[in-house]
Amino acid sequence: MSYTTERLNADAEGIRRAVELLNQGELVAFPTETVYGIGADAANSDAVKKIFEVKGRPAGHPLIVHVADTSAVYRWASEVTEAAEKLADAFWPGPLTMILPRTNLVAPEVVGDRDNIGLRVPSHTVAAALCGSFDGGIAAPSANRFGGVSPTTAQHVLDDLDGKIAAVIDGGPCEVGIESTIVELVDNEITVLRPGSITRYMLSEKLEGVDAEVDVAAALTQVARAPGMCESHYSPSTPLQMVQHPELGGVMASAVVSLAVIAPFEVETQPCWVMPKDVDGYARELYSTLRAADKSGVEQILIVPPEQGEGSEAVLDRIRKAAS
Ligand code: TXA
Ligand code: MG
(Lines give C-alpha, C1' and ligand atoms only; values in the text may rest on other atoms or scores of the structure.)
(Ligands and ions follow the chains in the order given, each with its own letter.)
Protein backbone atom coordinates (compact mmCIF):
# COMPACT_ATOMS: atom_id res chain seq x y z
CA MET A 1 0.00 0.00 0.00
CA SER A 2 1.29 3.46 -0.75
CA TYR A 3 0.28 6.76 0.83
CA THR A 4 0.72 10.46 0.33
CA THR A 5 2.20 10.81 3.81
CA GLU A 6 0.51 13.73 5.59
CA ARG A 7 2.82 16.13 7.41
CA LEU A 8 0.85 17.20 10.49
CA ASN A 9 1.55 20.22 12.67
CA ALA A 10 2.22 19.70 16.37
CA ASP A 11 -1.02 21.42 17.36
CA ALA A 12 -4.55 20.45 18.41
CA GLU A 13 -5.67 19.87 14.81
CA GLY A 14 -2.59 17.70 14.10
CA ILE A 15 -3.29 15.58 17.19
CA ARG A 16 -6.98 15.27 16.25
CA ARG A 17 -6.09 14.02 12.75
CA ALA A 18 -3.46 11.63 14.14
CA VAL A 19 -6.00 10.10 16.54
CA GLU A 20 -8.50 9.74 13.68
CA LEU A 21 -5.89 7.88 11.60
CA LEU A 22 -4.88 5.61 14.52
CA ASN A 23 -8.57 4.76 15.03
CA GLN A 24 -8.74 3.77 11.33
CA GLY A 25 -5.85 1.33 11.88
CA GLU A 26 -3.30 3.55 10.11
CA LEU A 27 0.32 4.29 11.09
CA VAL A 28 1.30 7.73 12.38
CA ALA A 29 4.88 8.72 13.21
CA PHE A 30 5.26 11.11 16.14
CA PRO A 31 8.03 12.77 18.15
CA THR A 32 9.00 11.59 21.62
CA GLU A 33 11.72 13.02 23.86
CA THR A 34 14.04 10.19 22.70
CA VAL A 35 13.48 9.55 18.97
CA TYR A 36 10.49 9.56 16.59
CA GLY A 37 8.27 6.46 16.75
CA ILE A 38 5.86 4.85 14.24
CA GLY A 39 2.62 4.48 16.15
CA ALA A 40 -0.23 2.02 15.75
CA ASP A 41 -3.21 1.08 17.92
CA ALA A 42 -1.65 -1.54 20.23
CA ALA A 43 -4.91 -3.50 20.40
CA ASN A 44 -5.33 -3.74 16.60
CA SER A 45 -3.45 -6.73 15.10
CA ASP A 46 -3.78 -5.56 11.48
CA ALA A 47 -2.42 -2.11 12.32
CA VAL A 48 0.51 -3.60 14.27
CA LYS A 49 1.35 -5.98 11.40
CA LYS A 50 1.79 -2.92 9.14
CA ILE A 51 4.56 -1.63 11.43
CA PHE A 52 6.62 -4.79 10.83
CA GLU A 53 6.00 -4.49 7.07
CA VAL A 54 7.08 -0.87 6.70
CA LYS A 55 10.14 -1.24 8.95
CA GLY A 56 11.21 -4.54 7.39
CA ARG A 57 11.38 -5.78 10.99
CA PRO A 58 11.27 -9.54 11.62
CA ALA A 59 8.09 -10.68 13.41
CA GLY A 60 8.74 -11.62 17.02
CA HIS A 61 10.75 -8.47 17.84
CA PRO A 62 8.41 -6.98 20.45
CA LEU A 63 7.23 -3.36 20.45
CA ILE A 64 6.99 -0.83 23.28
CA VAL A 65 3.48 0.35 24.18
CA HIS A 66 3.18 4.07 24.97
CA VAL A 67 0.51 5.23 27.40
CA ALA A 68 -0.56 8.58 28.85
CA ASP A 69 0.09 8.07 32.54
CA THR A 70 1.03 5.62 35.24
CA SER A 71 -2.61 4.76 35.98
CA ALA A 72 -3.00 3.44 32.39
CA VAL A 73 -0.09 1.08 33.07
CA TYR A 74 -2.31 -0.96 35.38
CA ARG A 75 -4.54 -1.86 32.45
CA TRP A 76 -1.60 -3.29 30.45
CA ALA A 77 0.58 -4.75 33.22
CA SER A 78 -0.79 -7.54 35.40
CA GLU A 79 1.71 -7.02 38.18
CA VAL A 80 3.36 -3.78 39.25
CA THR A 81 5.92 -4.37 42.00
CA GLU A 82 7.06 -1.84 44.59
CA ALA A 83 10.28 -1.35 42.59
CA ALA A 84 8.26 -0.66 39.41
CA GLU A 85 6.14 1.89 41.28
CA LYS A 86 9.24 3.66 42.59
CA LEU A 87 10.77 3.84 39.11
CA ALA A 88 7.47 5.05 37.62
CA ASP A 89 7.24 7.80 40.28
CA ALA A 90 10.82 8.87 39.67
CA PHE A 91 11.11 8.67 35.88
CA TRP A 92 7.64 8.80 34.26
CA PRO A 93 6.79 10.64 32.17
CA GLY A 94 10.24 10.21 30.63
CA PRO A 95 12.72 8.05 28.69
CA LEU A 96 12.30 4.80 30.67
CA THR A 97 10.69 1.59 29.37
CA MET A 98 9.70 -1.06 31.90
CA ILE A 99 9.10 -4.67 30.91
CA LEU A 100 6.40 -6.10 33.17
CA PRO A 101 4.06 -9.12 33.20
CA ARG A 102 1.13 -8.30 30.89
CA THR A 103 -2.65 -8.48 30.72
CA ASN A 104 -4.50 -9.60 27.57
CA LEU A 105 -5.32 -6.13 26.29
CA VAL A 106 -2.43 -6.02 23.82
CA ALA A 107 -2.51 -7.48 20.27
CA PRO A 108 -0.33 -10.64 20.27
CA GLU A 109 1.83 -9.25 17.42
CA VAL A 110 3.07 -6.46 19.72
CA VAL A 111 4.69 -8.83 22.21
CA GLY A 112 5.66 -11.82 20.03
CA ASP A 113 4.84 -14.84 22.14
CA ARG A 114 6.00 -13.21 25.38
CA ASP A 115 3.99 -13.04 28.57
CA ASN A 116 5.40 -9.59 29.32
CA ILE A 117 5.09 -6.13 27.78
CA GLY A 118 7.34 -3.07 27.42
CA LEU A 119 5.58 0.07 28.68
CA ARG A 120 6.57 3.71 28.54
CA VAL A 121 4.96 7.04 29.48
CA PRO A 122 6.63 9.60 27.18
CA SER A 123 7.24 13.17 28.39
CA HIS A 124 7.35 14.96 25.01
CA THR A 125 4.33 17.30 24.89
CA VAL A 126 3.20 15.95 21.49
CA ALA A 127 3.60 12.28 22.47
CA ALA A 128 1.83 12.97 25.78
CA ALA A 129 -1.04 14.78 24.03
CA LEU A 130 -1.38 11.97 21.48
CA CYS A 131 -1.39 9.24 24.17
CA GLY A 132 -3.85 11.31 26.21
CA SER A 133 -6.27 11.82 23.31
CA PHE A 134 -6.13 8.26 21.96
CA ASP A 135 -8.33 5.80 23.82
CA GLY A 136 -5.83 2.95 24.19
CA GLY A 137 -2.12 2.28 23.99
CA ILE A 138 0.16 3.21 21.09
CA ALA A 139 2.64 0.53 19.99
CA ALA A 140 5.66 2.34 18.55
CA PRO A 141 9.15 1.30 17.51
CA SER A 142 11.68 3.88 16.30
CA ALA A 143 10.53 5.22 12.92
CA ASN A 144 13.45 3.93 10.81
CA ARG A 145 14.01 0.91 8.57
CA PHE A 146 15.12 -2.14 10.59
CA GLY A 147 18.81 -1.94 11.54
CA GLY A 148 19.17 1.69 10.44
CA VAL A 149 19.76 4.92 12.34
CA SER A 150 16.80 6.10 14.46
CA PRO A 151 15.14 9.39 13.38
CA THR A 152 15.32 12.52 15.53
CA THR A 153 13.42 14.84 13.15
CA ALA A 154 10.28 14.53 11.02
CA GLN A 155 12.47 14.88 7.91
CA HIS A 156 14.50 11.80 8.97
CA VAL A 157 11.21 9.88 9.20
CA LEU A 158 10.21 10.99 5.70
CA ASP A 159 13.69 10.13 4.35
CA ASP A 160 13.04 6.51 5.41
CA LEU A 161 9.27 6.07 5.26
CA ASP A 162 7.67 8.67 2.96
CA GLY A 163 4.76 7.05 1.12
CA LYS A 164 4.73 4.06 3.50
CA ILE A 165 2.88 5.57 6.49
CA ALA A 166 -0.29 7.68 6.68
CA ALA A 167 1.22 10.67 8.52
CA VAL A 168 4.01 12.16 10.59
CA ILE A 169 3.57 14.84 13.25
CA ASP A 170 6.39 17.37 13.02
CA GLY A 171 7.43 18.29 16.55
CA GLY A 172 10.96 19.46 15.74
CA PRO A 173 14.19 17.76 16.85
CA CYS A 174 14.14 15.32 19.79
CA GLU A 175 15.64 16.49 23.07
CA VAL A 176 17.37 13.27 24.27
CA GLY A 177 18.32 11.87 20.86
CA ILE A 178 18.86 8.21 21.76
CA GLU A 179 16.28 5.55 22.63
CA SER A 180 14.85 5.00 26.13
CA THR A 181 16.53 2.99 28.86
CA ILE A 182 14.86 -0.46 28.95
CA VAL A 183 14.64 -2.35 32.23
CA GLU A 184 13.12 -5.76 32.78
CA LEU A 185 11.59 -6.31 36.20
CA VAL A 186 11.26 -9.89 37.42
CA ASP A 187 10.44 -10.06 41.14
CA ASN A 188 13.27 -8.12 42.79
CA GLU A 189 15.68 -8.37 39.89
CA ILE A 190 15.95 -5.38 37.62
CA THR A 191 18.01 -5.85 34.47
CA VAL A 192 19.02 -3.05 32.14
CA LEU A 193 18.48 -4.50 28.64
CA ARG A 194 19.28 -1.28 26.80
CA PRO A 195 21.15 1.63 28.41
CA GLY A 196 19.81 5.14 27.89
CA SER A 197 19.98 8.63 29.33
CA ILE A 198 18.56 7.27 32.60
CA THR A 199 21.65 5.42 33.84
CA ARG A 200 21.91 2.37 36.08
CA TYR A 201 23.25 4.69 38.80
CA MET A 202 20.13 6.85 38.58
CA LEU A 203 17.94 3.73 38.77
CA SER A 204 19.81 2.34 41.81
CA GLU A 205 19.59 5.67 43.61
CA LYS A 206 15.79 5.72 43.33
CA LEU A 207 15.54 2.14 44.60
CA GLU A 208 17.22 2.82 47.92
CA GLY A 209 15.24 1.10 50.67
CA VAL A 210 13.57 -1.31 48.24
CA ASP A 211 14.76 -4.92 48.24
CA ALA A 212 15.83 -4.86 44.57
CA GLU A 213 19.07 -5.25 42.60
CA VAL A 214 19.92 -3.40 39.40
CA ASP A 215 21.91 -5.58 37.03
CA VAL A 216 23.09 -5.01 33.49
CA ALA A 217 22.42 -7.56 30.72
CA ALA A 218 25.51 -9.65 29.93
CA ALA A 219 25.62 -8.45 26.33
CA LEU A 220 26.28 -4.91 27.53
CA THR A 221 29.12 -5.66 29.92
CA GLN A 222 31.21 -7.72 27.49
CA VAL A 223 33.65 -5.63 25.55
CA ALA A 224 34.36 -8.27 22.91
CA ARG A 225 30.98 -9.90 22.46
CA ALA A 226 30.30 -13.39 21.24
CA PRO A 227 29.18 -13.43 17.59
CA GLY A 228 25.41 -13.35 17.43
CA MET A 229 25.23 -11.27 20.60
CA CYS A 230 26.85 -8.48 18.67
CA GLU A 231 23.82 -7.39 16.72
CA SER A 232 24.55 -4.70 14.17
CA HIS A 233 22.05 -1.90 14.69
CA TYR A 234 21.66 1.86 14.39
CA SER A 235 23.96 1.62 11.36
CA PRO A 236 24.55 4.08 8.54
CA SER A 237 25.18 2.44 5.15
CA THR A 238 28.73 3.90 4.96
CA PRO A 239 31.25 1.79 6.96
CA LEU A 240 31.75 3.35 10.40
CA GLN A 241 34.80 2.89 12.62
CA MET A 242 35.09 3.94 16.25
CA VAL A 243 38.51 5.46 16.98
CA GLN A 244 39.87 6.69 20.33
CA HIS A 245 41.28 10.22 20.36
CA PRO A 246 45.01 9.23 20.58
CA GLU A 247 44.74 6.89 17.57
CA LEU A 248 42.87 9.30 15.30
CA GLY A 249 45.91 10.91 13.64
CA GLY A 250 47.45 7.55 12.78
CA VAL A 251 44.23 6.07 11.43
CA MET A 252 43.63 9.15 9.27
CA ALA A 253 47.21 9.17 7.96
CA SER A 254 47.09 5.51 6.88
CA ALA A 255 43.61 5.64 5.32
CA VAL A 256 43.39 4.69 1.64
CA VAL A 257 39.71 5.72 1.23
CA SER A 258 37.91 9.07 1.52
CA LEU A 259 36.99 9.90 5.12
CA ALA A 260 34.52 11.88 7.17
CA VAL A 261 35.29 12.46 10.85
CA ILE A 262 32.89 12.92 13.77
CA ALA A 263 34.62 13.98 17.01
CA PRO A 264 34.04 16.05 20.16
CA PHE A 265 36.83 18.47 19.05
CA GLU A 266 38.01 20.19 15.85
CA VAL A 267 39.84 18.03 13.31
CA GLU A 268 41.67 19.43 10.28
CA THR A 269 39.82 17.52 7.59
CA GLN A 270 36.72 17.78 5.41
CA PRO A 271 34.02 16.81 6.01
CA CYS A 272 34.19 16.93 9.80
CA TRP A 273 31.43 17.23 12.41
CA VAL A 274 32.35 18.68 15.79
CA MET A 275 30.20 17.13 18.51
CA PRO A 276 29.35 18.69 21.90
CA LYS A 277 31.79 17.64 24.63
CA ASP A 278 29.06 16.92 27.19
CA VAL A 279 27.53 13.49 26.82
CA ASP A 280 23.90 14.70 26.72
CA GLY A 281 24.70 17.10 23.90
CA TYR A 282 26.65 14.37 22.10
CA ALA A 283 23.69 11.97 22.39
CA ARG A 284 21.24 14.63 21.16
CA GLU A 285 23.23 15.16 17.94
CA LEU A 286 24.54 11.62 17.36
CA TYR A 287 21.89 10.27 14.98
CA SER A 288 21.42 13.41 12.88
CA THR A 289 25.22 13.59 12.51
CA LEU A 290 25.48 9.91 11.48
CA ARG A 291 22.76 10.55 8.90
CA ALA A 292 24.51 13.67 7.57
CA ALA A 293 27.91 11.91 7.38
CA ASP A 294 26.24 8.97 5.62
CA LYS A 295 24.87 11.36 2.96
CA SER A 296 28.23 13.09 2.43
CA GLY A 297 29.41 10.49 -0.09
CA VAL A 298 32.65 9.44 1.65
CA GLU A 299 33.80 5.82 1.74
CA GLN A 300 34.35 5.61 5.50
CA ILE A 301 33.25 7.48 8.63
CA LEU A 302 35.54 7.70 11.69
CA ILE A 303 33.87 8.52 15.00
CA VAL A 304 35.59 9.52 18.25
CA PRO A 305 33.32 8.78 21.26
CA PRO A 306 32.72 11.20 24.14
CA GLU A 307 34.89 10.93 27.23
CA GLN A 308 33.97 7.91 29.37
CA GLY A 309 32.02 8.50 32.55
CA GLU A 310 28.85 7.47 34.40
CA GLY A 311 26.65 8.93 31.69
CA SER A 312 28.47 7.68 28.60
CA GLU A 313 27.41 4.01 28.62
CA ALA A 314 24.38 4.51 26.35
CA VAL A 315 26.18 6.60 23.74
CA LEU A 316 29.07 4.11 23.65
CA ASP A 317 26.60 1.23 23.22
CA ARG A 318 24.98 2.97 20.21
CA ILE A 319 28.34 3.83 18.62
CA ARG A 320 29.64 0.26 19.08
CA LYS A 321 26.52 -1.24 17.52
CA ALA A 322 26.49 1.27 14.66
CA ALA A 323 30.14 0.44 13.96
CA SER A 324 29.79 -3.36 14.11
O1 TXA B 1 12.86 5.56 23.07
C2 TXA B 1 12.29 4.55 22.66
O3 TXA B 1 12.20 3.52 23.34
C4 TXA B 1 11.69 4.61 21.25
C5 TXA B 1 10.53 5.62 21.26
C6 TXA B 1 9.78 5.65 19.98
O7 TXA B 1 9.69 5.33 22.34
N8 TXA B 1 11.24 3.32 20.83
C9 TXA B 1 12.10 2.32 20.48
O10 TXA B 1 11.47 1.16 20.04
O11 TXA B 1 13.32 2.44 20.54
P12 TXA B 1 12.25 0.02 19.23
O13 TXA B 1 11.19 -0.96 18.84
O14 TXA B 1 13.05 0.61 18.16
O15 TXA B 1 13.15 -0.65 20.34
C16 TXA B 1 12.50 -1.32 21.40
C17 TXA B 1 13.33 -2.42 21.94
C18 TXA B 1 13.50 -3.58 20.97
O19 TXA B 1 14.86 -3.97 20.98
C20 TXA B 1 12.62 -4.66 21.54
O21 TXA B 1 13.13 -5.95 21.29
C22 TXA B 1 12.62 -4.33 23.02
O23 TXA B 1 12.63 -2.94 23.07
N24 TXA B 1 11.38 -4.80 23.68
C25 TXA B 1 10.13 -4.30 23.55
N26 TXA B 1 9.24 -5.02 24.27
C27 TXA B 1 9.94 -5.99 24.87
C28 TXA B 1 9.60 -7.09 25.71
N29 TXA B 1 8.34 -7.31 26.09
N30 TXA B 1 10.59 -7.90 26.13
C31 TXA B 1 11.88 -7.68 25.75
N32 TXA B 1 12.27 -6.68 24.94
C33 TXA B 1 11.32 -5.86 24.50
MG1 MG C 1 14.69 0.86 16.95
Side-chain angles (χ1 to χ4, degrees), residues 27-40 42 48 51-52 54-67 73 76-79 91-103 106-124 126-128 130-131 137-154 156-157 160-161 165 168-169 171 174-186 190-198 217 219-220 229 231-235 283-284 286-287 314 317-318 321-322:
L27 305 185
V28 178
F30 62 98
T32 80
E33 65 278 21
T34 58
V35 300
Y36 276 69
I38 321 177
V48 172
I51 289 183
F52 288 86
V54 308
K55 270 188 74 90
R57 176 163 166 145
H61 279 235
L63 306 176
I64 296 169
V65 175
H66 299 68
V67 295
V73 166
W76 300 86
S78 58
E79 208 187 305
F91 298 111
W92 277 347
L96 178 71
T97 297
M98 285 201 257
I99 297 178
L100 296 165
R102 68 176 175 85
T103 61
V106 70
E109 290 77 8
V110 171
V111 289
D113 50 11
R114 281 155 224 261
D115 52 13
N116 57 24
I117 183 171
L119 291 166
R120 175 157 120 74
V121 179
S123 63
H124 191 290
V126 172
L130 187 62
C131 290
I138 303 177
S142 53
N144 52 281
R145 297 275 303 165
F146 182 66
V149 178
S150 295
T152 55
T153 67
H156 294 163
V157 175
D160 288 6
L161 302 173
I165 57 176
V168 55
I169 308 175
C174 302
E175 188 57 39
V176 176
I178 56 172
E179 305 80 355
S180 62
T181 305
I182 302 181
V183 293
E184 184 173 34
L185 293 96
V186 179
I190 297 169
T191 309
V192 178
L193 300 185
R194 181 175 70 184
S197 62
I198 295 172
L220 294 175
M229 298 275 279
E231 188 194 355
S232 161
H233 220 90
Y234 318 109
S235 297
R284 187 177 305 127
L286 177 63
Y287 290 155
D317 166 73
R318 300 308 190 279
K321 286 189 177 143

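Remember, it's 1-based here, ligands and their atoms both numbered in the order they're listed.
- Of the polar atoms of Y36, none of the N or O atoms is found under 3.5 Å from an N or O of ligand 1, judged by distance alone.
- Atom 1 (O) of ligand 1 is flagged as protein-proximal [any protein heavy atom, distance under 4.0 Å].
- Listed by atom number, the atoms of ligand 1 under 4.0 Å from T34 heavy atoms are 1 (O), 2 (C), 4 (C), 5 (C).
- Only the side chain of R57 comes within 4.0 Å of ligand 1, judged by heavy-atom distances.
- The shortest N or O to N or O distance between R194 and ligand 1 is under 3.5 Å.
- For ligand 1 and S180, the ligand atoms under 4.0 Å from any heavy atom of the residue are 1 (O), 2 (C), 3 (O).
- Here the closest heavy-atom approach between residue N144 and residue P151 is recorded as OD1-CD, 3.7 Å.
- Between the side chains of S142 and E179, no donor-acceptor pair is found at a separation under 3.5 Å.
- A donor and an acceptor atom, one from each side chain of S180 and T97, are located under 3.5 Å apart.
- No more than 12 heavy atoms of other residues, nucleotides or ligands shown are found within 6.0 angstrom of CD on E175.
- Contact analysis puts I182 in contact with ligand 1, with a non-hydrogen atom separation below 4.0 angstrom.
- Nearest non-hydrogen protein atom to atom 24 (N) of ligand 1 is P62 CG, 3.7 Å.
- Annotation for ligand 1: atoms under 4.0 Å from non-hydrogen atoms of I99 are 27 (C), 28 (C), 29 (N), 30 (N), 31 (C), 32 (N), 33 (C).
- Ligand 1 lies out of reach of E184, whose nearest heavy atom is not under 4.0 Å from it.
- Using a 4.0 Å cut-off between heavy atoms, H61 makes no contact with ligand 1 at all.
- Taking the six-membered ring for Trp and thresholds of 30 and 60 degrees, Y287 and Y234 have nearly parallel ring planes, at less than 30 degrees apart.
- In terms of protein heavy-atom proximity, atom 14 (O) of ligand 1 is nearest to S142 OG, 3.0 Å.
- Among protein heavy atoms, atom 7 (O) of ligand 1 sits closest to H66 NE2, 2.7 Å.
- The distance from the Mg ion (ligand 2) to the nearest N/O/S atom of N144 is not under 2.8 Å.
- Nearest heavy atoms, F146 versus G56: CB-O, 3.3 Å.
- Here the closest heavy-atom approach between residue C131 and residue V67 is recorded as CB-C, 3.8 Å.
- Exactly one residue among V110, I117, N116, V65 makes a side chain to side chain contact (heavy atoms under 4.5 Å, CB included) with R102. That residue is I117.
- Summary of contacts: the protein heavy atom closest to atom 29 (N) of ligand 1 is N116 OD1, 3.0 Å.
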- Query: What do the steps show when you test R194 against R318 for side chain to side chain contact (heavy atoms under 4.5 Å, CB included), and what is the final call?
  - Reply: CA-CA 10 Å; R194 181 175 70 184; R318 300 308 190 279; 3.7 Å; yes

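- Among protein heavy atoms, the minimum distance from atom 6 (C) of ligand 1 is reached at G37 CA, 3.7 Å.
- Within the 4.0 Å heavy-atom criterion, the part of R120 lying near ligand 1 is the side chain and not the backbone.
- Residues T32 and R120 bring a donor and an acceptor atom of their side chains to less than 3.5 Å of each other.
- The heavy-atom pair separating A154 from V168 by the smallest distance is CB-CG2, 4.1 Å.
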